[in-house]
Amino acid sequence: MQIAILVTHIRAEEKLLLTAFAEAGIEPDVILDRDINIDLVAGPDQQAPSGRAWSAYDVVLERCVSTSRGLYLLAILNRWGIRTINSYETAAICSDKLQTTLALSTAGVNQPETRVAFTPESAMGAIERVGYPAVLKPTTGSWGRLLARVNDSDSAEAIIEHRQTLGDYNHHTYYVQSYVNKPGRDIRAFVIGGRTICAIYRSSEHWITNTARGGSASNCPITPDLDDICQRAAAAVGGGILAIDVLEDSNGELLINEINHTMEFRNSSAPTGVDIAAEVVRYALAQAEVVA
Amino acid sequence: MNQTVSCVECDAELNVPADAMENELISCPDCGVELEILSLNPLTIDLAPEVEEDWGE
Ligand SMILES: Nc1ncnc2c1ncn2[C@@H]1O[C@H](COP(=O)(O)OP(=O)(O)O)[C@@H](O)[C@H]1O
Ligand SMILES: [Mg+2]
Ligand SMILES: [Zn+2]
């Protein structure tokens, strides 16, 4: 069985994964995205930086911290008929919050009210429609960067003007959400192969609860409701290995906020007691077996 | 066996654990800068690449 891991560099997660693979008796090839130099016109029999032909891999696990590199590599590999985790299709939806919103909506999965507009005037209109406070986010982005909670029309005008003047065209897509009055925390659920394996609460004094921004992790019990919405959300984006952000509104209703396709989990195994790396490896090996 | 190397930013002595891997990120306990292990033999480190706008989960 041949497995490759695509990485930008080795973080805590990749180290945990490589250790878990070793425990399963597998030594995957680690391929750095900086070493990629692919002939796009030729096919999958060309050599990967590992020295092996790409076509020799039963499955390729994409763990690039660079979303754009990861996406293109998945596109290439899937075109060549090579199985990847996640699939290009899933990654393309999850890496774009607007596409995620659409996929969830089509599947009838509960989520915050969300609108899109492309000009300062219509963005102002979209914000007024969802009402204050509203949340403005880049459609691509992570770690809670460049999110804005907009409390009134003065700040809406200021943020729109800044984005219009200082941002590139990506920031001229105004993705506007209603603010969900959550209880000082959100939920990060890990879904692998359609199973909700564990979840954490991310608690913070700040309304942005990402652990990358100082949110603290504690175990979140998987209730039937949480399991149900997470499974449906995962299916809506094509499944695989996913980390789902869930918000609780003031009535305790669950809403899906976003879905991550290259999840970080270094802080989540300790509070949940679930060996997430081992679960990822088990899934990857099962996927490889389908091919081998 | 633990090896040591000097931080390229602050020159502090850094302990690199025995299970360190090539291309692993480590941070300097003194100045907090993020470093990447470029090679284990000989032990070589450099500043980790700057975070780009599309980095994340
Ligand atoms: N509509 C919202 N209402 C309340 N809190 C939100 C909302 N959107 C985002 N947040 C908070 O901000 C965090 C980051 O937002 P998210 O959409 O997950 O972006 P990122 O991709 O940067 O993680 C969430 O985990 C949550 O704590
Ligand atoms: Mg998030
Ligand atoms: Zn230092």
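What you see below is based on every heavy atom in this structure, not just the backbone, and it leaves out hydrogens, waters and symmetry mates. Each chain gets a letter, A, B and so on, in the order the sequences are listed, and its residues count up from 1. Everything numeric here is computed off the predicted structure, so don't read it as measured data.
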Q. If you count heavy-atom pairs under 4.5 Å between each of A/R11, A/R145, A/M263 and chain B, which one has the most?
A. A/R145
Q: Side chain from CB out, backbone as N, CA, C, O: work out which of these in A/S68 comes under 4.5 Å of a heavy atom of chain B, or both, or neither.
A: both
Q.
If only side-chain N and O atoms count, and only distance matters, is there a donor-acceptor pair under 3.5 Å linking B/D54 with A/S66?
A. yes
Q: Tell me, yes or no, whether the heavy-atom count around A/H206 atom NE2, taken from other residues, nucleotides or ligands under 6.0 Å, exceeds 12.
A: yes
Q.
Check this for me: A/D35, atom CG, are more than 12 non-hydrogen atoms of other residues, nucleotides or ligands nearer than 6.0 Å?
A. yes
Q | Proximity breakdown for A/T8 and chain B, heavy-atom pairs closer than 4.5 Å | A | side chain
Q.
I'd like to verify something: which residue of B/E22, B/E36, B/E24, B/E53 has the highest number of heavy-atom pairs under 4.5 Å with chain A?
A. B/E24
Q: Examine distances only and state if a side-chain atom of A/T67 and a backbone atom of B/W55 form a donor-acceptor pair shorter than 3.5 Å.
A: no
Q | Heavy-atom check, side chain of B/N23 versus side chain of A/L32, under 4.5 Å | A | yes
Q: For the residue pair B/E57 and A/I259, establish whether any side-chain heavy-atom pair is separated by less than 4.5 Å.
A: no
Q. Given that the side chain runs from C-beta out, which part of A/R63 has a heavy atom under 4.5 Å from chain B: side chain, backbone, both or neither?
A. neither
Q) Heavy-atom distance under 4.5 Å between the side chains of B/D19 and A/K15, does that happen here? A) yes
Q) Counting heavy atoms not belonging to A/E89, are there more than 12 under 6.0 Å from its CD? A) no
**Q.** OH (A/Y201) with more than 12 external heavy atoms under 6.0 Å
**A.** yes
